[in-house]
*Asks:* 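The structure's right below; bear with me while I get my questions together.
Numbering starts at 1 and runs along the sequence shown.
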Amino acid sequence: MPDLGADPRGARLMLDLRRMSLLCDLAEVGSVTAVAERRSITSSAVSQQLRVLEDEVGAVLLRREGRTLGLTPSGLVLVEHARRVLKAVDETLSAVAATRDRAAGRVAVASFNMGIPLLAVPLMRRLRIAEPGIRVEVQQQTSPASLRLLRRGEVDIAVTCSYDFLGHEVLGGLTSETLIFEPLVLLAPAQWRQRVRTGGLAALAEAPWVTGPPDSGLGVAVTRLANDTGFTARVAHRLVGAQNICEVAATEVAAAVVPLLAVPDRLAGLIVPGVDLGTRTISAVVRDGRRADPTMTSVLHTLGAIADEALAGSAEWSVAS
């Protein structure tokens with residue numbers, strides 16, 4: 001057998017998984033800038049790591065195509081095999097986990113804000129009784145940040161939300177399971193609800209609004225409603241979190257667009273029925289190779305049951321409203 005330790009090229013066989021992940025990202029999103037955003041690092045750091053990877057494999061992996069960066073035939077081959085390697089690492093961990101007598105171990109969950117009380121907290125309560133060997137650790141993150149942590153291997157599950165009128169994240173190497181598919185609803189003070197019933201959404205042209213940041217899903221939803229109706233929304237309050245938006249709407253000083261499940265029962269009377277504002281999807285996302293892990297299977301099954309109960313509970317009064 002060749003003595004790899006005496007051959008300087010032997011170091012190339014010890015490829016760094018993180019650098020291979022960056023190359024796979026580049027193949028999916030098409031630019032160093034997009035990779036940097038996905039991984040929450042600088043573009044220069046991405047470029048540097050890709051150059052190191054080229055040195056490791058001893059081949060040119062990237063080529064300039066105008067203003068974009070493409071993959072050479074060598075780069076395409078490495079991406080194909082790197083995806084298999086990255087998945088195999090997770091599959092190895094899943095196979096080892098399957099040898100245990102019962103589901104056990106630490107499961108790190110990153111979730112957007114409303115996913116904490118809606119899904120993560122009930123998950124912790126149930127597993128503490130049903131699967132005491134599973135230790136759930138939760139952190140609050142935006143959906144894009146949760147996916148970045150998932151790709152870096154810092155969390156095991158990302159609970160995310162996406163809106164049907166916004167672009168969707170490319171999920172290369174990840175598996176998404178839909179937990180909740182819910183409509184957005186319009187909340188309005190009593191005087192404005194009556195005007196909408198008689199004059200349609202145009203009656204809200206002079207109404208004050210409470211919503212999220214301009215680039216958030218709920219912020220965009222209000223802008224869409226106003227643009228489609230022919231007016232510019234007069235946003236008086238901008239908050240982070242649908243539950244906070246609901247609380248301001250509860251004072252009946254502003255109209256709002258929020259997801260159905262964010263509306264507590266006591267505020268159901270504020271909903272203006274029969275208005276199509278789009279939908280939101282809440283999902284649990286895991287890396288492809290971890291889907292067969294028995295512990296992950298147990299956690300995902302429990303999340304699905306919690307989501308089903310939440311939807312059933314909301315349907316009872318949303319129809320009546």
Side-chain angles (χ1 to χ4, degrees), residues 12 15-87 89-90 110-113 139-176 212-221 223-224 238 240 280-281 283 285-289:
R12 295 173 182 166
L15 299 181
D16 188 290
L17 295 178
R18 291 168 297 180
R19 286 193 273 272
M20 289 197 293
S21 295
L22 293 178
L23 187 68
C24 292
D25 285 349
L26 182 62
E28 291 163 12
V29 299
S31 74
V32 168
T33 300
V35 173
E37 292 175 352
R38 171 183 277 194
R39 295 284 174 169
S40 194
I41 57 179
T42 64
S43 296
S44 60
V46 173
S47 297
Q48 180 186 28
Q49 291 301 305
L50 292 176
R51 286 194 295 270
V52 172
L53 183 60
E54 287 186 317
D55 290 340
E56 288 178 336
V57 300
V60 177
L61 305 175
L62 310 173
R63 66 183 173 202
R64 285 285 175 187
E65 298 175 343
R67 294 187 177 182
T68 62
L69 198 61
L71 296 178
T72 65
S74 296
L76 293 170
V77 169
L78 182 55
V79 164
E80 178 184 353
H81 288 272
R83 285 171 175 159
R84 296 176 190 170
V85 170
L86 294 168
K87 185 176 180 180
V89 170
D90 276 334
S111 172
F112 71 104
N113 53 3
Q139 57 178 288
Q140 182 175 328
Q141 299 283 349
T142 64
S143 294
S146 296
L147 292 176
R148 286 196 292 268
L149 292 173
L150 181 63
R151 286 191 170 93
R152 294 204 299 257
E154 296 179 29
V155 300
D156 303 295
I157 297 177
V159 177
T160 66
C161 69
S162 61
Y163 296 83
D164 64 353
F165 45 81
L166 295 178
H168 295 286
E169 176 88 11
V170 177
L171 295 179
L174 305 178
T175 297
S176 176
D215 59 348
S216 68
L218 297 180
V220 172
T223 300
R224 288 178 72 248
R238 289 199 184 273
V240 174
R280 173 170 93 164
T281 302
S283 305
V285 188
V286 299
R287 294 186 298 279
D288 288 345

*Asks:* Restricting to side chain to side chain donor-acceptor pair (under 3.5 Å), what partner residues turn up for Arg152, sequence neighbours left out?
*Replies:*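 Expected list: Glu154.
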*Asks:* Would a 4.5 Å heavy-atom cut-off, applied to side chains only, mark Leu22 and Ile41 as touching?
*Replies:*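 Side-chain contact under 4.5 Å: yes.
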*Asks:* Mind checking whether Ser146 and Val159 have side chains closer than 4.5 Å, heavy atoms only?
*Replies:*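 Sidechains of Val159 and Ser146: no contact.
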*Asks:* Just jot down the side chain to side chain donor-acceptor pair (under 3.5 Å) partners of Asp156, sequence neighbours excluded, or say none.
*Replies:*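 Asp156 satisfies side chain to side chain donor-acceptor pair (under 3.5 Å) with Arg290 only.
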*Asks:* Which heavy atom of Gly217 sits nearest to which heavy atom of Leu166, and what is that distance?
*Replies:*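 Looking at all heavy atoms of both residues, the closest pair is CA-CD1, 3.9 Å.
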*Asks:* Pairs in or reaching into residues 71-80: which pass side chain to side chain donor-acceptor pair (under 3.5 Å), with residues at least two apart or in two chains?
*Replies:*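 Side chain to side chain donor-acceptor pair (under 3.5 Å) check on residues 71-80 returns Glu80-Arg84.
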*Asks:* How far does CZ of Phe112 sit from CD of Gln141, to the nearest 0.5 angstrom?
*Replies:*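 Answer for the CZ-CD pair, Phe112 versus Gln141, is 13.5 Å.
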*Asks:* Report the distance from atom CG of Leu218 to atom CZ of Arg280, rounding to the nearest 0.5 Å.
*Replies:*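 Separation between the atoms: 7.0 Å.
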*Asks:* By side chain to side chain donor-acceptor pair (under 3.5 Å), which residues pair with Arg51, not counting sequence neighbours?
*Replies:*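 If we apply the side chain to side chain donor-acceptor pair (under 3.5 Å) test to Arg51, skipping adjacent residues, there are no hits.
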*Asks:* Evaluate Leu62 against Leu26 for side-chain contact (heavy atoms from CB on, under 4.5 Å), listing each step before the verdict.
*Replies:* CA-CA 10 Å; Leu62 310 173; Leu26 182 62; 3.5 Å; yes
*Asks:* Mind checking what makes side chain to side chain contact (heavy atoms under 4.5 Å, CB included) contact with Asp164, not counting sequence neighbours?
*Replies:*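 Side chain to side chain contact (heavy atoms under 4.5 Å, CB included) list for Asp164, sorted by chain: Thr279.
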*Asks:* State, to 0.1 Å, how close Gly75 and Leu23 come at their nearest heavy-atom pair, and which atoms those are.
*Replies:*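 Closest heavy-atom pair between Gly75 and Leu23: O-CD2, 4.0 Å.
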*Asks:* Work out which heavy atom in Val85 is nearest to a heavy atom in Met20; give both atom names and the distance.
*Replies:*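 Closest approach of Val85 to Met20, heavy atoms only: CG1-CE, 4.0 Å.
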*Asks:* Please report the closest heavy-atom contact between Leu150 and Ala158, naming both atoms and the distance.
*Replies:*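 For Leu150 and Ala158, the tightest heavy-atom pair comes out as CD2-CB, 4.2 Å.
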*Asks:* With sequence neighbours excluded, tell me which residues meet side chain to side chain contact (heavy atoms under 4.5 Å, CB included) with Glu37.
*Replies:*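 By the side chain to side chain contact (heavy atoms under 4.5 Å, CB included) rule, Glu37 matches Thr33.
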*Asks:* Which atom pair, heavy atoms only, marks the closest approach of Val285 to Ser176?
*Replies:*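 Here Val285 and Ser176 meet closest at CG2-OG, 4.0 Å.
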*Asks:* Check for a donor-acceptor pair, side chain of Ser143 on one end and backbone N or O of Cys161 on the other, with a separation under 3.5 Å.
*Replies:*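 Such a contact is found between Ser143 side chain and Cys161 backbone.
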*Asks:* Under the side chain to side chain contact (heavy atoms under 4.5 Å, CB included) test, which residues partner Pro214, sequence neighbours left out?
*Replies:*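 Testing Pro214 for side chain to side chain contact (heavy atoms under 4.5 Å, CB included), a comparison that skips the adjacent residues, returns Arg238.
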*Asks:* Taking only residues two or more places apart in sequence or in another chain, which ones pass side chain to side chain contact (heavy atoms under 4.5 Å, CB included) with Pro144?
*Replies:*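 Pro144: side chain to side chain contact (heavy atoms under 4.5 Å, CB included) contacts with Thr142, Arg148.
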*Asks:* Give, for atom CG of Leu78 and atom CG of Leu71, the distance between the pair rounded to the nearest 0.5 Å.
*Replies:*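 Output value for this atom pair is 9.0 Å.
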*Asks:* Tell me the ring pair (Phe, Tyr, Trp, His ring centres under 6.0 Å) pairs involving residues 141-167, sequence neighbours left out?
*Replies:*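 Output for this query lists Tyr163-Phe165.
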*Asks:* Does any part of the side chain of Leu61, heavy atoms only, come nearer than 4.5 Å to the side chain of Leu50, both counted from C-beta?
*Replies:*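 With C-beta onward as the side chain, the pair stays apart.
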*Asks:* To the nearest 0.5 Å, what is the distance between CD (Glu56) and CD (Gln49)?
*Replies:*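 So the gap between those two atoms works out to 8.5 Å.
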*Asks:* Could you walk me through whether Thr281 and Ser283 satisfy the side-chain hydrogen bond (donor to acceptor under 3.5 Å, both in side chains) test, starting with their C-alpha distance in whole Å, then the side-chain angles of each, then the deciding distance to 0.1 Å, before giving a yes or no?
*Replies:* CA-CA 6 Å; Thr281 302; Ser283 305; 5.8 Å; no
